[in-house]
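This report concerns only the one structure given below.
Along the sequence shown, residues are numbered consecutively beginning with 1.
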Amino acid sequence: MLGMLAVFDKTIADATRDKISYSEFIDLLLQAEADHRQERKAVNRIKAAKSLCAPRSRTSIFTANAPSRRPRSRKIYTLGWLNDARRCYSSVKTGVGKTFIAQAVGLHACENGKSVLYMSITALQENLAIARSSGNYLRYRAKLAKFDLIIFDEMGMRKFTATEAQDLCEIIEEKIHRQIIAFTSQLPWITGTK
């Protein structure tokens, strides 16, 4: 009950001053505990996400990009695509801030109850190779399947071997109906659509 303990003295002082009822007093303490627990869960999700760097301010996600990209950034930041299980792919030139946006969205998802893993595609390739060589490949893939959102940064910066390409396809296939994978890349997305 650390949340209650943190606000107990202040709540008693406020309750005495404002002459609130016992039930209102208990409600304030319970709300403080609930808020504290939610905050702890968010902190733990952020730690589990690995490599997420907090933006300097919540509004910086909107101002870090060129003005033409701000509406798109806001749309991504609302997490509607994540809640609707739609894929997200960001392909823009170097220096525009796609990694920054990906990390900010990952943090925002953690704060909103989603489990997130952020890693570069190179780190994924290395981790899969290590998992294969140590006999833990299936365990590693199962670990990846537990996240609500995986953000792979810098897709296309390194060529895939046939095994690495197959591994990525299997990860995508496992997650396709339940969780979301987001990619960032400097390369254009070749789908024929905009």
Does some side-chain heavy atom of [Y] sit less than 4.5 Å from a side-chain heavy atom of [X]?
X	Y	answer
Ile180	Lys114	no
Ile171	Leu124	yes
Leu128	Glu164	no
Phe152	Ile172	no
Thr184	Phe100	no

Nearest heavy-atom pair of [X] and [Y]: which atoms, and what distance?
X	Y	answer
Val116	Ala109	CG2-CB, 3.7 Å
Met155	Leu168	CE-CD2, 3.4 Å
Ser115	Phe147	OG-CA, 3.4 Å
Gly113	Asp148	O-OD2, 4.1 Å

To the nearest 0.5 angstrom, please state how far the [atom1] atom of [X] sits from the [atom2] atom of [Y].
X	Y	atom1	atom2	answer
Asn127	Lys143	CG	NZ	7.5 Å
Leu149	His108	CG	NE2	12.0 Å
Ile150	Met119	CD1	CE	7.5 Å
Leu138	Arg132	CG	CZ	8.5 Å

Scan the side chains in residues 5-12 for donor-acceptor partners under 3.5 Å anywhere in the protein, sequence neighbours excluded, and list what turns up.
unit_1 : atom_1 : unit_2 : atom_2 : d
Lys10  : NZ     : Asp14  : OD2    : 2.7
Thr11  : OG1    : Val7   : O      : 2.6

Go through the structure and list residues passing side chain to side chain donor-acceptor pair (under 3.5 Å) with [X], not counting sequence neighbours.
X	answer
Ser120	none
Ser133	none
Asp35	Gln31

Which residues satisfy the side chain to side chain contact (heavy atoms under 4.5 Å, CB included) test with Glu170, sequence neighbours excluded? Tyr137, Arg141, Gln166, Asp167
Under the side-chain contact (heavy atoms from CB on, under 4.5 Å) criterion, do Gln103 and Ile151 qualify, and how do the steps go? CA-CA 8 Å; Gln103 290 182 348; Ile151 301 170; over 6 Å; no
N/O donor to acceptor pairs below 3.5 angstrom from side-chain atoms of residues 20-30, sequence neighbours left out:
unit_1 : atom_1 : unit_2 : atom_2 : d
Ser21  : OG     : Ser23  : OG     : 3.2
Ser21  : OG     : Glu24  : N      : 3.2
Ser21  : OG     : Glu24  : OE1    : 3.3
Glu24  : OE1    : Ser21  : N      : 2.9

Could you check whether any side-chain N or O of Asn136 sits under 3.5 Å from a backbone N or O of Ala131, counting only pairs where one atom can act as donor and the other as acceptor? no
Any residue meeting ring-ring contact (aromatic ring centres under 6.0 Å, His included) with Tyr140, in chain and number order, not counting sequence neighbours: none
Return yes when atom CZ of Arg139 has more than 12 non-hydrogen atoms of other residues, nucleotides or ligands closer than 6.0 Å, and no otherwise. no
